[in-house]
Novice: 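Got a structure here, written out as structure tokens. Questions coming.
Only a predicted model underlies this, so the values are computations on that prediction, with no experimental measurement involved. Proteins get letters first, then strands, A, B, ... in listed order; numbering begins at 1 in each.
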Amino acid sequence: MNDADAAGQIVEVLAPLAVDQTYSYFSPPALRLAPGEHVEIPLGRQSTYGVVWEVRGSADTPGNLKTVISRYARPPLSQKLRDFVDWLARYTLAPRGMALRLATRSAESAEAEPDRLVYRATGARPQRETPTRARVLAAAEGGLVFSKKALSGAAGCSPSVVDALVDDGALEAIKAPASAIADSLTSDYAQSTLETEQEKAASALRSSVALRAYQPFLLEGVTGSGKTEVYFEAVAAALEQGEQALVMMPEIALTSQFLERFAQRFGGRPAEWHSSVADRKRSRIWRGCATGEVKVVVGARSALFLPFANLRLIVVDEEHDGAYKQEDGVCYHARDMAVVRASIEGATLVLSSATPSIESRVNAELGRYAHLRLRARAGARLLPRADAIDMRIEGPGQGRWLAPRLARAIGETIARGEQALLFLNRRGYAPLTLCRSCGHRFRCRQCDAWLVEHRFRRALICHHCGYVEQRPNVCPECDAEETLSPCGPGIERIAEEAAKLFPNARILVLSSDFPGGAERLRRELEEVAKGSFDLIIGTQLVAKGHNFPYLTLVGVVDADLGLGSGDPRASERTFQLLAQVTGRAGRGDKPGAALIQTYHPEHPVMRALLCGDPEDFYAQEISLRERAGLPPFGRLAALIVSGRDAGLAEAHARALVRAAHSLPPTPAYRLAAAGGLPEPDEIAVLGPAEAPIALLRGRFRFRLLIKAPRRANLQGFLRDLLEGGPPARGGVRVQVDVDPQSFL
DNA sequence: AGCACGCCGACT
DNA sequence: GTCGGCGTGCTC
């Protein structure tokens, strides 16, 4: 044994805490740690868990360093995953420890499971035969294997009797084969029949997967064009090579319907990963990903941090969906980070959507993503015919919300025994309640927004902060009775009108604030799919996930809602939502119809919906942003002020504020260099609710999100920053919301 | 994440 | 006089 073998090591360990640094430890000679291994380390006055980030050298004695306590027998984090953690931390400006947490949260207790033992009768008689032993042996008759618990349970004795019988030779213990973590999958279990366009897209993906190099694709295709079948071919290609694939979906889109479809194609279910998977299962899947045993994971955004051994493919389904944004703790956009992970892993990336986000479209047009398009619906299905109802011309009378033409169409649909859906993205009965006698309007005490009347709950509710108060019968300002008057429609009010118009119809109202929770919702959606209702009235939760096979008519009640919100993505979001809802209409070879009630039939969003071609919309929207001097994406940066992480964050805050000229290598700087972030001429302190609105009213050049107790202090703090002086106190965290593609 | 240290308001 | 609230800072 030479000196190097006898010496200990100096290792850099990252703990999954709010620290950005790694800490140095001495590792005794016997441990021989490698980067990525999981260790227990002393930290402060207790011990924690950490990951070896780097082995820095050897040493004979600890010197002034503390000593690593032990090694955990978990699969080490690969260099690629560690690089991803570092990248994510640098990009989101989160402490590296917090980024590591995302990757190790389910690693705890991910040790190899101990062999499970089962027992079988050997046929030999035990040396001493007591009545209890006889009962155990009787239970073990027939040559089958049983668990210890099953035998002792059947015999009504303690498990130690089984042990004794093993010692006596009457039973034998056998290693049970480890139960599989996930179903085994077969790449060609059932071949999909693909049409020409699909076939072309699928073969592009298949050959990319075979190349084993980072290659990004935008897979764009109208509802029903068979995007899923196409990316299933890419999954199949990864399986054929014995390698891994990750399919990400927004949590609510991850339905058993989807898993069934997957099983029909691959002969088994993928490993599922989302918030309600039990802890034990989670750590098994975590381990299975690291060992390569788990081949395909279908999961929500957190699946992005699994320790894949050989990841060949990442699919981001519904890539435009806002649910990919993580907004507390480490703030990140899972779709963007999927791009980064794919590039680090050298994997194929597929962003899939019927209505891609603007930034993905722009990336495709710039040639950063290969653009695969499916223009036709698969299986000769036709797109729903969309028609506008111009509310200025053919709107309903006073106090009604459904235009006569829409009401008629619903009646006819129900009469044919088909299903209709009325969509209105507004919960409650009426968005505003005022007093006809004095003009009093109900406002939220916490945040100043209008209170929304909920008639089912007899309450006034703030949709911004959740504040609730009882709906009074008397005006609180002028004491007049019976003068409180609801203005505008909410979904409950539409339900009331529909019940009057169609007294014999089976109507279901679906809104996220109804009691019963997810369980009831799931049951109701299944009933809808079975055709148990004639008319469904719902908010945006009807837009996603489920298929409604009997649905042939979709009516959009207030299509303009959301266009006037001041949100920079208002048009984009409205288009995506309405395209999704109206796309639900139609079944088999019978085209559905969509009727859209709008005051602005000429608006680009409406025009795109009516002609059924999103091309129009994207071209308009991108040129609008160009003319407004906004980059098509990466338009904003968020400054989050909080009490913690002062040192790290302060530097970034300075960099951001002086981004136009300063040189620190932060994403903010690079954004500025790319022309995305002009120098601010004013800094204001806004709450999270106000900031997005103010932003693209053009008042501010970038967004400041403030999380802090006292506003006045922050004002001073930020002014100090702007003038370049030392901030008196407090810390700053900067989050930059841009497309990482431009930084790769 | 824990845990200590420190600085202000209400208690035996 | 202290007990304890949480706001802040540190852990190799």
Novice: Rounded to the nearest Å, what distance is computed from the OH atom of residue Tyr49(A) to the C1' atom of nucleotide dG2(B)?
Specialist: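 So the OH-C1' distance, Tyr49(A) to dG2(B), works out to 18 Å.
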Novice: Would you say Glu469(A)'s side chain and Ile461(A)'s backbone share a donor-acceptor pair under 3.5 angstrom?
Specialist: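 A pair under 3.5 Å: no.
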Novice: Let me know the distance between CZ of Arg96(A) and P of dC12(C), rounded to the nearest Å.
Specialist: 17 Å
Novice: Can you measure Leu17(A) atom CG to dC3(B) atom P for me and round it to whole angstrom units?
Specialist: 12 Å
Novice: Tell me the salt bridge (charged side-chain N to carboxylate O under 4.0 Å, His left out) pairs involving residues 284-299 of chain A, sequence neighbours left out?
Specialist: Glu113(A)-Arg284(A)
Novice: So, is Arg45(A) near the phosphate of dA4(B), with a side-chain N or O under 4.0 Å from OP1 or OP2?
Specialist: yes
Novice: Output all residues satisfying ring-ring contact (aromatic ring centres under 6.0 Å, His included) with Phe442(A), sequence neighbours left out; order by chain, then residue number.
Specialist: His440(A)
Novice: Give one of base, sugar-phosphate or nothing for Gln21(A), where a contact means two heavy atoms less than 4.0 Å apart.
Specialist: base
Novice: Looking at the side chain of Gln46(A), which of dA1(B), dC12(C), dC3(B) is the nearest nucleotide?
Specialist: dC3(B)
Novice: Just how far, in rounded Å, is C1' of dC10(C) from CG of Leu43(A)?
Specialist: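 The answer, rounded to whole Å, is 9 Å.
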Novice: Of the options dA1(B), dC3(B), dC12(C), whose atoms approach the side-chain atoms of Met98(A) most closely?
Specialist: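 Of the options given, the side chain of Met98(A) lies nearest dA1(B).
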Novice: For Tyr23(A) and dT11(C), is the shortest distance between a side-chain N/O and OP1 or OP2 below 4.0 Å?
Specialist: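 For dT11(C), neither OP1 nor OP2 has a side-chain N or O of Tyr23(A) closer than 4.0 Å.
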Novice: What contact category does Pro16(A) fall into here, base, sugar-phosphate, or nothing, at under 4.0 angstrom with non-hydrogen atoms?
Specialist: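 Answer is nothing: Pro16(A) stays at 4.0 Å or more from every strand.
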Novice: Please report the shortest heavy-atom distance between Arg56(A) and Ser24(A), naming the atom on each side.
Specialist: NH1-OG, 3.5 Å
